[in-house]
Number of protein chains: 2
Amino acid sequence: MMTLADIAALAEVSESTASRALRDNPVVNKETRLKVQQIAQQYQFNVNPTARSLRTQKSYTIAVIILFDAKSQQAISDPFLLEILGVIADELTHKGYDMLLSTSKTKDKDWKTYYIDAKRADGLIIIGQGEHDQRIEQLSHSKVPFVVWGASSGHDSFTVVGSQNRSGAEAAVSHLVAQGCKHIAFLGDYRHNEIEQRYLGYQDALQKAGLALNADYELITDFTAQDGYLKTQQQLFPLLPELDGIFAASDAIALGAMKALQEHGVQVPQQLAIAGFDDIAMSAYCSPALTTVKQDTINGGKLLVSKLLQQMDGEQAESELLPVRLLTRQSSARDRRV
Amino acid sequence: MMTLADIAALAEVSESTASRALRDNPVVNKETRLKVQQIAQQYQFNVNPTARSLRTQKSYTIAVIILFDAKSQQAISDPFLLEILGVIADELTHKGYDMLLSTSKTKDKDWKTYYIDAKRADGLIIIGQGEHDQRIEQLSHSKVPFVVWGASSGHDSFTVVGSQNRSGAEAAVSHLVAQGCKHIAFLGDYRHNEIEQRYLGYQDALQKAGLALNADYELITDFTAQDGYLKTQQQLFPLLPELDGIFAASDAIALGAMKALQEHGVQVPQQLAIAGFDDIAMSAYCSPALTTVKQDTINGGKLLVSKLLQQMDGEQAESELLPVRLLTRQSSARDRRV
DNA sequence: ATCCATACTGCAATCGATTGCAATAACGAA
DNA sequence: TTCGTTATTGCAATCGATTGCAGTATGGAT
């Protein structure tokens, strides 16, 4: 393995000069710079990131922390997660950062101590802010650069990037209403930040349509298809004669509910229309295809990264909620005449 | 930030002794050790991993590289991926390693140089060995510790952990045969290592059943539901009068195919039975529920980690293929009397 | 009393870069 | 000719640990 010292010797300059030359520091004579660079190239020299880290106190690494739901032990809508993770990875690579991944199921290490103080990472990206998390709040009182994917409260003490969950949900439910639905259930756990917004959007839509809210129609449901299936069987079947629409806080839940309904002989969408949220890969390929709200994963990932880097540059970064897109498919395609 | 020097001073010993004491080196007097440890605890001292890395030339970090399919730009069956990634993360954490994640879409950096030589990682886990990959072969000629998730050729020059794809596929197809299917199509891209095994299993089953192989029944299909849908429409519809079974190399493909068939008015499973591979979350919740082959993600992840650590300890690690489990569901539940 | 093995402890070098500051050379101005 | 600039370069300290080797003290054996 070549070291800077070797390169310096080969170029017949001091290590200091070699170091500067490699980073194209203009204080070094141009010819010298070129010579050093050329030699480094020739011998395939790369600076040792560990040594550099130790000296500069920067790691050029970002830690991405994926929070899991304490109850379901499941990440907030898996497929969505993998997508955004991919985007983040690409963006970070592109900016010259490595990505340290941590899936935090239990409340484990203290992030600041472990990642920042120990110089394992220069900043944090936290995905899946679930129920109100103590640790995130705590971070915001420190000087740790970090961004969160989730829901903005409007007056966050930290930078949040997320989807316009509320208006997206409103659009979906309004669409159900436009399809003639008058009794629409909500499936999801509104104690979860993002879901809460979707729940509010659901209410918004009902209110706008002059439809009454009905507590019986609000089912606290985990993120899984399984729970969507169960809760539908247990709590929705009795309401069936009246019920004519379901808005599920995630596609997984929606698909679970749809399964239960189909087994029970309910016609979707004729008797009951369904809409979900996320647009997971399967949504377009189930029967009937699922109407859903698609999040902008790509811009989400990019924004997370750029806002984090902004913070690391000492600038401030505002929270931002991205527009979503309603995809209407068969699961909500009812005749108007109800 | 506390440094080892601070702790040493507080404990009134030299840095050397402090360093040894913290690692419980028995050469240090027990009382001294305890004293140092106690003080370190009290002041919440943690060794700086960067400094340690520089000195010991180990990073206590493993790089996980996810290979994407060059064509579909998609990872080998996403949902499966996230699961195994989670397991690996947990295992590594448990063993005191950090996890550097890299999603390599393009042929980017030279892994050995970037991760190993630069001491960014002590070992590599490569997931998604797709079509024969030059880079993996190359790695095996170096002394880099690494393991691969994928298919074993039986005479690998490196350590592979994977599923018993061949026998799993055979079980699935034999099951279709037992359900009365006589004309079974295969959907998948057998140029991909793992899929090739599933393809062979498909052939095994047909052969055992005394059924003829038919090139028309073998459709090269990408990993996506979309391609499953398209290829089914384009190439399977003409064969429909005869065709009575499909074995898809992944659940995504199977669901795409099922969608196409249902739209076309084909009764699943009565007219045509379907089986997939992976058991993604949605498989149990589509209609009809999908018969599939479940991989042992948990043991897979654990094995990958343990075999890698074994290698890093200088031991050799054998390849290993894990048993899979056939889950029979409605999509293949036909009456026997055909 | 002398010597040696044993048990600890600490000095100083080392890992591989980066950087503040001093040193040198070269050049034009006075 | 002398002196202040400017342009370049290098010395040496530093980041925070780990470790080979040497040094000291203690106790037991002779």
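Remember, it's a predicted structure, so these values are computed and weren't measured experimentally. Chain naming here is simple, since letters A, B, ... match the order of the sequence lines and numbering starts at 1 in each.
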From B:L4 CG over to B:T17 OG1, what is the distance, rounded to the nearest 0.5 angstrom?
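Going from CG on B:L4 over to OG1 on B:T17, the span is 10.0 Å.
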Can you measure from OG1 (A:T61) to CZ (A:R120) and round to the nearest 0.5 angstrom?
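If we round to the nearest 0.5 Å, A:T61:OG1 and A:R120:CZ are 11.0 Å apart.
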Given A:F158, which partner from the list A:V147, A:V148, A:V144 fulfils the side chain to side chain contact (heavy atoms under 4.5 Å, CB included) test?
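Checked A:V147, A:V148, A:V144 against A:F158; only one passes side chain to side chain contact (heavy atoms under 4.5 Å, CB included): A:V148.
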Should we count [atom1] of [X] as having more than 12 external heavy atoms under 6.0 Å?
X      : atom1 : result
A:H94  : NE2   : no
B:I298 : CD1   : no
B:Q316 : CD    : no

With nearest nucleotides of DNA chain C determined for B:A51 and A:T56 from heavy-atom distances, which residue corresponds to the more 5′ nucleotide?
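Here B:A51 is the residue nearer the 5' end.
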Take A:L54 and A:K119, measure what side chain to side chain contact (heavy atoms under 4.5 Å, CB included) needs, and give me the verdict at the end.
CA-CA 9 Å; A:L54 179 58; A:K119 302 290 183 320; over 6 Å; no
A:Y97 and A:Y60 aromatic ring geometry - parallel, tilted or perpendicular at 30°/60° bounds
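Taking A:Y97 first and then A:Y60, their aromatic rings sit tilted (interplane angle of 30° to 60°).
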Name the first nucleotide and the last nucleotide along DNA chain D (5' to 3') that come under 4.0 Å of a heavy atom in chain B.
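From 5' to 3', the first and last contacting nucleotides are D:dG16 to D:dC21.
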Pick out the pairs of N or O atoms, protein on one side and nucleotides 22-27 of chain C on the other, that lie under 3.5 Å.
none

Are any of the side-chain nitrogens in B:K35 or B:E12 under 4.0 Å away from the carboxylate oxygens of its partner?
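Result for this pair is yes, salt bridge flagged.
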Any chance you could lay out the side chain to side chain donor-acceptor pair (under 3.5 Å) test for B:Q44 and A:T113, step after step, and finish with the verdict?
CA-CA 9 Å; B:Q44 308 209 62; A:T113 305; 5.8 Å; no
Please write out the pairs of protein N or O atoms and N or O atoms of nucleotides 4-10 of chain C separated by less than 3.5 Å, giving the distance to one decimal.
| from | atom 1 | to | atom 2 | distance (Å) |
| --- | --- | --- | --- | --- |
| C:dT9 | OP1 | B:T32 | OG1 | 3.1 |
| C:dT9 | OP2 | B:N29 | N | 3.1 |
| C:dT9 | OP2 | B:T32 | OG1 | 3.3 |
| C:dG10 | OP2 | B:S14 | N | 2.9 |
| C:dG10 | OP2 | B:S14 | OG | 3.4 |
| C:dG10 | OP2 | B:T17 | OG1 | 3.1 |
| C:dG10 | N7 | B:R20 | NH1 | 3.4 |
| C:dG10 | O6 | B:R20 | NH1 | 3.4 |
| C:dG10 | O6 | B:R20 | NH2 | 3.0 |

